[in-house]
Amino acid sequence: MIGELLERLFRWYDPDKSRPAVKRRLKLLLAHDRTDLNPQMIEAMRKDILEVVSRYVEIDIENLEITLESSNRVTALIANLPIRRLKKSESDSDLDPDSELLSDSLLEIHLDESQVFTLPSDPILDPPSDRSSN
Amino acid sequence: MTRIIVTTSGKGGVGKTTVTANLGMALARLGRKVVLIDADFGLRNLDLLLGLENRIVYTALEVLSGDCRLEQALVKDKRQPGLCLLPATQSRTKESIKPEHMLMLVKNLTPKYDYVIIDCPAGIEMGFRNAIAPAQEALIITTPEISAVRDADRVVGLLEAHNIKKIHLIVNRLRPKMVSANEMMSVEDVQEILSIPLIGIVPDDEQVIVSTNKGEPLVLSDEPSKASIAFNNIAQRIEGKQVDWLDLEEPDNTFWTRVKKFFSSKII
C-alpha cells in the first residue's frame with residue numbers, strides 16, 4: 001500500500017509527461033470547436049462586453065479575461081472583469097476617499113477654536129506644571 | 001423491435017470496421033439475427049475483415065438500381081448462422097447514394113433482423129450523412145489520441161443535430177502501460193472530455209492484425225485474447241447485461257512495482 005502511494009506521488013510530480021498536456025489542449029480545443037466561434041467574433045464580443053460594463057463600473061482593461069470552458073457537453077463563455085473603482089454618482093461623493101469632490105469639500109471645513117472640546121488633564125500623562133497661558 | 005445502430009468515429013483508422021465485424025459476430029453468437037451494412041461505398045473493407053470478399057456477387061448498389069433482389073445481395077456467413085453482410089460497391093463513390101436510398105434498404109431489412117449495424121465511412125461528408133440517416137443509435141469509436149477525440153466530439157455534435165440521442169462510446173486501442181506512464185490519455189480522461197456514456201474498452205492487440213490477415217474475426221478464435229473478450233463484453237452490454245470492466249493492467253517489472261511487491265509481501 002505504501003508502495004502504491006509512493007508511485008502515485010512520483011507520477012503526479014512529473015510535469016514532463018504528455019498526458020496532462022494533451023488533456024489541457026483537448027479541453028481548450030473542444031470548448032472552442034463546440035461553439036463555432038472564431039477569434040474575430042470573440043474579439044468583437046470582448047469589445048462589446050467591455051463597453052457595456054464600463055458604463056456601470058470602471059474595468060481594469062489589462063487584466064480582462066474572456067475564456068470558453070466546456071463540461072458535460074455544455075460550453076460556457078466566462079468573462080473575468082476586474083473592477084478598478086466604482087463610477088460615482090453625486091450623492092455618494094463624501095463617502096469616497098479617492099473622490100476629487102471630497103478633497104474639494106475638505107477645503108471648506110474650518111475648525112472653530114472656541115468650540116474645541118478639551119479633555120480633563122490626566123495626572124500621569126499630563127502632570128501639572130506652571131502654565132502661564134491658563 | 002429491430003435495433004438500427006451505426007458505428008462511426010469521424011477519424012479514419014480507429015477501428016470502426018473491426019468493431020462492426022466483431023460485434024456483429026458476437027451478437028450472432030448470442031443467438032441474434034444480425035445484418036451488417038458496409039456504408040463505405042468505393043472503399044469497402046467490411047467484407048475483408050469478415051473474410052467474405054470472395055463471395056460477393058451483388059452489392060447494395062445493384063439492389064438500389066433494381067438489378068437484383070435484396071436477398072441475392074446478402075452474403076450469409078457460413079461459420080456463424082444469423083450473421084450476414086450487405087456489401088458496398090467498390091466501383092462507384094459515396095456521392096452516388098442519397099440518404100433516402102439507405103432508408104429504403106434498412107426499411108426492407110428490418111422485418112427479418114434483430115440488429116442492423118451500419119459501418120460508417122470516415123469523414124463527415126455525404127458518406128457519413130447517408131450512413132447515419134436510418135440509424136436510431138450510434139456507437140462512437142475513438143482511440144485515446146488527440147485527433148481521434150477531437151473528431152469524435154465533432155461527430156457527437158452532428159449526431160445530436162440529426163436527432164440520434166442514444167450515443168455510446170467505445171475506446172479502442174488502449175495501451176495500459178502508456179496510460180500508467182502518463183503518456184496516453186486514460187479511458188476516464190476520454191470519457192470525461194466527450195461526456196457520453198461508455199460501453200466498451202478494447203485494448204491494443206496484435207491479434208487484431210492477425211485476424212484481419214486471415215479474414216477471421218477475433219471473436220471466432222478458439223484462443224481468447226483480451227480484445228476478443230472485450231468485444232464479447234460489448235455485445236453483452238448492448239443486449240442490456242451488466243458486465244464488469246476487464247482488468248487491462250499488465251504486469252510489469254519497473255522499480256516501483258518491485259518496491260510495491262516488497263512492501264506487500266508477507267514477512268513471516
Item to check | For chain A, which residues of residues 140-149 of chain B have heavy atoms nearer than 4.5 angstrom | outcome: Ile146(B), Val149(B)

[Y]/[X] salt bridge by N-O under 4.0 Å criterion:
| X | Y | value |
| --- | --- | --- |
| Arg19(A) | Glu183(B) | no |
| Lys23(A) | Glu188(B) | no |
| Asp33(A) | Arg154(B) | no |

Rounded to the nearest 0.5 Å, what separation is found between the [atom1] atom of [X] and the [atom2] atom of [Y]?
| X | Y | atom1 | atom2 | answer |
| --- | --- | --- | --- | --- |
| Asp153(B) | Arg34(A) | CG | CZ | 4.0 Å |
| Leu30(A) | Arg150(B) | CG | CZ | 7.5 Å |
| Ser18(A) | Met185(B) | OG | CE | 9.5 Å |

Checklist entry - Can you name the closest pair of heavy atoms from Arg73(A) and Gly157(B) and give their distance? => result NH2-N, 3.9 Å

Answer yes or no: does atom [atom1] of [X] have more than 12 heavy-atom neighbours from other residues, nucleotides or ligands under 6.0 Å?
| X | atom1 | result |
| --- | --- | --- |
| Asn80(A) | CG | yes |
| Ile78(A) | CD1 | yes |
| Arg3(B) | CZ | yes |

Next on the checklist: With a 4.5 angstrom heavy-atom cut-off, is it the side chain or the backbone of Met184(B) that approaches chain A, or both, or neither?
Outcome noted: backbone

